[in-house]
Every structure is written in structure tokens, then in C-alpha cells.
Amino acid sequence: MHLDSYVCELCILQREESLHHLFIKCNFAKSCWQTIGISYPSTLSRVRIIKRIKRHLQVPFYIKTIILMSWCIWKQRNGWLFNNNDPSVQECLRNFKLEFFMVIHREKSSILPQMQQWLGCL
């Protein structure tokens with residue numbers, strides 16, 4: 001069964017849950033992105049949104065940031081669907097910080113201080 005066949009459980013719009021909706025257009029996802037200082041018009045294409053995030057963050061680890069926030073949104077969705085855990089933007093941010101902290105331990109020393117500083121500002 002494809003992800004496209006479900007209705008989004010995270011937002012009040014009850015739109016069809018596609019990958020684009022889940023990670024970009026969903027009101028819950030947009031709120032999660034805003035907790036790390038990222039906002040965008042959801043009318044933009046995925047490519048333009050990624051370019052906008054890159055331009056906004058201006059850090060060499062922007063792709064890791066996108067992947068980690070997407071992962072944390074996914075975990076909130078699955079927690080809601082499979083464990084009846086209420087989705088929480090603050091819990092998503094907490095998980096993002098924890099995941100980002102773990103990534104820092106595997107990072108090159110050349111960008112480590114920049115990553116630590118960025119995380120500390122959240």
C-alpha cells in the first residue's frame with residue numbers, strides 16, 4: 001500500500017498524505033520547521049524549498065538538518081498512528097536536538113564548532 005492512499009493524521013486540513021504533504025505542506029510539519037527557524041511558502045516546489053532552506057541556514061550541514069527534521073516529523077506521525085502518542089511540535093524539536101547532538105559526534109572536526117554553535121542557538 002502506498003503512503004499516498006492515506007489521509008494526513010497530523011493536520012486539521014485532512015489532506016491526502018503524500019510525502020510532499022507530510023514533510024512540507026502539513027501544518028504540523030510547517031510548525032516543526034519553524035522551531036528551527038525555517039519558514040517557507042508551501043506553494044513552492046520541493047527543490048525551491050530546499051534551496052531556500054540552504055540559503056537561509058547558510059551552513060555546510062543544511063542537508064543533514066533537512067533529513068533530521070524530516071525524520072523527527074516521521075517519528076511524530078508514527079508515534080501518533082501506532083502508539084496513540086499525541087503529536088507535539090515541542091517533542092519534535094526535542095527529538096531533533098537529540099538526533100542532531102548524536103550526528104555531531106560523528107562529524108568532521110572542521111565543522112564541529114559550527115554545528116555545536118548552531119544547535120546551542122535553538
Side-chain angles (χ1 to χ4, degrees):
M1 191 172 278
H2 293 284
L3 183 64
D4 294 327
S5 63
Y6 296 100
V7 173
C8 181
E9 296 285 339
L10 292 175
C11 72
I12 61 171
L13 299 176
Q14 293 296 294
R15 300 279 193 233
E16 185 175 291
E17 184 181 65
S18 65
L19 294 175
H20 184 68
H21 175 82
L22 177 63
F23 297 115
I24 294 172
K25 293 191 106 173
C26 175
N27 288 336
F28 179 81
K30 287 170 79 173
S31 294
C32 291
W33 288 106
Q34 287 173 350
T35 64
I36 61 169
I38 296 172
S39 61
Y40 51 84
S42 57
T43 56
L44 295 177
S45 69
R46 280 172 264 190
V47 172
R48 293 189 82 188
I49 289 172
I50 290 170
K51 286 180 180 179
R52 186 180 184 123
I53 292 170
K54 178 182 180 183
R55 197 170 49 248
H56 173 76
L57 292 177
Q58 295 183 356
V59 293
F61 51 87
Y62 76 94
I63 241 357
K64 290 177 180 158
T65 303
I66 292 170
I67 291 168
L68 285 179
M69 181 51 80
S70 297
W71 170 244
C72 291
I73 292 168
W74 180 252
K75 286 175 37 178
Q76 286 293 304
R77 172 206 179 265
N78 288 345
W80 169 246
L81 289 176
F82 301 117
N83 299 325
N84 291 324
N85 297 336
D86 289 334
S88 162
V89 172
Q90 289 307 312
E91 182 67 16
C92 188
L93 175 62
R94 190 184 75 69
N95 286 330
F96 175 84
K97 287 179 177 181
L98 181 62
E99 295 283 348
F100 196 87
F101 181 75
M102 299 304 281
V103 167
I104 287 174
H105 291 318
R106 298 187 303 263
E107 200 49 63
K108 299 176 207 165
S109 59
S110 60
I111 64 169
L112 186 61
Q114 190 177 10
M115 290 179 83
Q116 290 171 327
Q117 181 182 12
W118 186 82
L119 180 61
C121 291
L122 292 181

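Values in this document were obtained by computation on a predicted structure and should not be read as measured data.
When all heavy atoms are compared, the tightest approach of Cys32 to Met69 is O-CE, 3.4 Å. Counting all heavy atoms, side chain and backbone alike, Gln76 lies closest to Ser88 at OE1-N, 2.9 Å. Nearest heavy atom pair, residue His56 against residue Gly37, reads NE2-O, 2.7 Å. The heavy-atom pair separating Arg94 from Glu91 by the smallest distance is NH2-OE2, 2.8 Å. Cys72 approaches Asn95 most closely through the heavy-atom pair SG-C, 3.7 Å. Shortest non-hydrogen contact noted between Phe23 and Trp74 is CZ-CE3, 3.9 Å.
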| message | Using the rule given for side-chain contact (heavy atoms from CB on, under 4.5 Å), can you reason through Trp33 versus Val89, listing the C-alpha separation, both sets of side-chain angles and the distance that settles it, and then say yes or no? | response | CA-CA 9 Å; Trp33 288 106; Val89 172; over 6 Å; no
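Residues Phe100 and Leu98 fall into different hydrophobic clusters, defined by Ile, Leu, Val, Met, Phe, Trp and Tyr side chains chained together at heavy-atom separations under 4.5 Å. When the side chains of ILVMFWY residues are joined at heavy-atom separations under 4.5 Å, either directly or via intervening members, Met102 and Tyr62 end up in a single hydrophobic cluster.
For the side chain to side chain contact (heavy atoms under 4.5 Å, CB included) test with Ile24, the passing option among Ile73, Ile49, Ile50 is Ile49; the others fail.
In this structure, the separation between OG1 on Thr35 and CD on Gln90 is 7.0 Å, given to the nearest 0.5 Å. Here the CG-NZ distance, from Asn83 to Lys75, works out to 12.0 Å after rounding to the nearest 0.5 Å. Atoms NZ and CG, from Lys25 and Leu19 in turn, are 14.0 Å apart once rounded to the nearest 0.5 Å. Between the CH2 atom of Trp71 and the CD atom of Glu99 there is a distance of 7.5 Å, given to the nearest 0.5 Å. Note that the CD1 atom of Ile53 and the OG1 atom of Thr65 stand 9.0 Å from one another [nearest 0.5 Å]. To the nearest 0.5 Å, atom CG of residue Leu93 and atom CG of residue Leu122 are 6.5 Å apart.
No more than 12 heavy atoms of other residues, nucleotides or ligands lie within 6.0 Å of NZ in Lys54, so this atom counts as exposed by the packing criterion.
Annotation: salt bridge (Lys or Arg N to Asp or Glu O under 4.0 Å) contacts of Lys64 (sequence neighbours excluded): Glu107. Residues passing the salt bridge (Lys or Arg N to Asp or Glu O under 4.0 Å) test with Lys97, sequence neighbours excluded: none. Under the rule for a side-chain contact (heavy atoms from CB on, under 4.5 Å), the partners of Arg48 that lie at least two apart in sequence or sit in another chain are Leu44, Ser45.
Cys26 is not listed as a side-chain neighbour of Arg77, based on a closest heavy-atom distance of 4.5 Å or more.
The aromatic rings of Trp118 and Phe61 stand perpendicular to each other, their planes meeting at an angle above 60°, with 30° marking the opposite boundary.
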